[in-house]
Amino acid sequence: MKNYKIVVQYDGTKYNGWQKQGNTKNTIQEKFENVLSLMCGRNIEIFASGRTDAGVHAEKQIANFKCDTELSGEEIKNYLNHYLPSDILVMSVEEADERFHSRLNAASKTYEYRISIGKPDVFMRKYVFETDIMPDVEKMRSGAKLMLGKHDFKGFSSVKKTKKSTERTINFIEIIREENLIRIQINGSGFLYNMVRIISGTLLQIGRGELDENIINEIFEEKTREKAGVTLPACGLVLKEVLYKGD
């Protein structure tokens, strides 16, 4: 049984996220498994580096699946792109080590949240959050510095009760302004449910003067979601990159 690593791009607008669910068949994982099962002649399970939520996009999602086939990586890529919807693109397929797992072996992920100040470019309108108030980017950067390193991010997530650790490590947060477009790039070891969207909402409100940056340390100490900023809409979030040891 061969193990294949694939790089995937998708517009998540109309999907209920990556993860297969019992109450809907409208997930990206489901689309892949239907086509792969047809190609391999047996039920195939595919694993992604992370579960992007409903409406979230990906520029370079990494996934892997196991299958017995004589097709080359290029032929598998062409087969998948022929049968998958037009808003899902397989960028590459290569045979990987049998122990490679896209999620378990991931070293870090980079997400980007995009905010448009005023009406966005027509071709970007589905992929940004639109607001009318220009925030103070320097205040946002100052708040972002407080989030770097290892912390308990429970207060920056929509996680209710869990037995798993809610500690995560943020390696960097870059806030880039390009005229009326603000990009918040966050790289970390992993992310909790809605964590990037809540961090982005908190930083935006700090930039607007609606929250003080000192609230960040309070949230880390008290671990309460109520003190953090709003959860920004999914449309502005994209998974930019997944890195593995040796990359």
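Formation of a donor-acceptor pair under 3.5 Å by the Gln29 side chain with backbone atoms of Ile46 is found in this model. Of the possible polar contacts, one joining the Ser37 side chain to the Ile44 backbone as a donor-acceptor pair under 3.5 Å is found. At least one donor-acceptor pair under 3.5 Å links the side chain of Asn3 to the backbone N or O of Asp97. Proximity of a side-chain donor or acceptor of Lys31 to a complementary backbone N or O of Ile88 within less than 3.5 Å is not detected. A donor-acceptor pair under 3.5 Å is absent between the side-chain atoms of Thr231 and the main chain of Arg197, judged by distance alone. A donor-acceptor distance shorter than 3.5 angstrom exists from the side chain of Gln21 to the backbone of Asn16, with no hydrogens or angles considered. Side chain of Arg99 to main chain of Ala96: no donor-acceptor pair is present (N/O by atom type, distance under 3.5 Å, no hydrogens or angles). No side-chain donor-acceptor contact under 3.5 Å links Ser142 to the backbone of Glu138. With hydrogens and angles ignored, the 3.5 Å screen pairs no side-chain donor or acceptor of Asn64 with any backbone N or O of His101. With Gln9 contributing its side chain and Met91 its backbone, the two residues share no donor-acceptor pair below 3.5 Å.
The side chain to side chain contact (heavy atoms under 4.5 Å, CB included) test with Ile115 is passed by exactly one of Ile175, Ile184, Val128: Ile184.
The side-chain heavy atoms of Val90 and Phe32, taken from C-beta on, include a pair separated by under 4.5 Å.
A salt bridge is absent between Glu30 and Lys25: the closest approach of a Lys/Arg side-chain nitrogen to an acidic carboxylate oxygen does not fall below 4.0 angstrom. The pair Lys240-Glu174 does not meet the salt-bridge criterion, since no charged nitrogen lies less than 4.0 angstrom from a carboxylate oxygen. Using a cut-off of 4.0 Å between Lys/Arg side-chain N and Asp/Glu carboxylate O, Asp152 and Lys154 are scored as not salt-bridged.
Both Phe191 and Leu239 belong to a single network of hydrophobic side chains, linked directly or stepwise wherever heavy atoms of I, L, V, M, F, W or Y lie under 4.5 Å apart. Both Leu38 and Ile76 are part of a single hydrophobic cluster, where members link through side-chain heavy atoms under 4.5 Å apart. Taken together through direct or relayed side-chain contacts under 4.5 Å among Ile, Leu, Val, Met, Phe, Trp and Tyr, Phe172 and Tyr244 form parts of separate hydrophobic clusters. Taken together through direct or relayed side-chain contacts under 4.5 Å among Ile, Leu, Val, Met, Phe, Trp and Tyr, Tyr113 and Val137 form part of one hydrophobic cluster.
Judged by distance alone, the side chains of Tyr193 and Asp53 never bring a donor and an acceptor atom under 3.5 Å apart. Asp11 and Thr13 form a side-chain donor-acceptor contact under 3.5 Å, judged by distance and modelled atom types alone. Remark: the Tyr10 side chain and the Thr52 side chain contain an N/O donor-acceptor pair separated by less than 3.5 Å.
Ring pair Phe220/Phe153 is perpendicular by interplanar angle, where above 60° counts as perpendicular and below 30° as parallel. Tyr79 and Tyr83 have tilted rings, their planes meeting at an angle from 30° to 60° on a 0 to 90° scale.
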side-chain contact (heavy atoms from CB on, under 4.5 Å) between Met134 and Asn180, worked out: CA-CA 8 Å; Met134 175 63 78; Asn180 289 331; 3.8 Å; yes
Assess whether side chain to side chain donor-acceptor pair (under 3.5 Å) is satisfied between Thr69 and Tyr4, documenting all intermediate values. CA-CA 11 Å; Thr69 178; Tyr4 292 94; 5.6 Å; no
Output, in order, the C-alpha distance, side-chain angles, deciding distance and verdict of salt bridge (Lys or Arg N to Asp or Glu O under 4.0 Å) for Glu213 and Lys139. CA-CA 8 Å; Glu213 67 178 57; Lys139 283 187 177 180; over 6 Å; no
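Ser102 and Ala48 get closest at one heavy-atom pair: OG-C, 3.3 Å.
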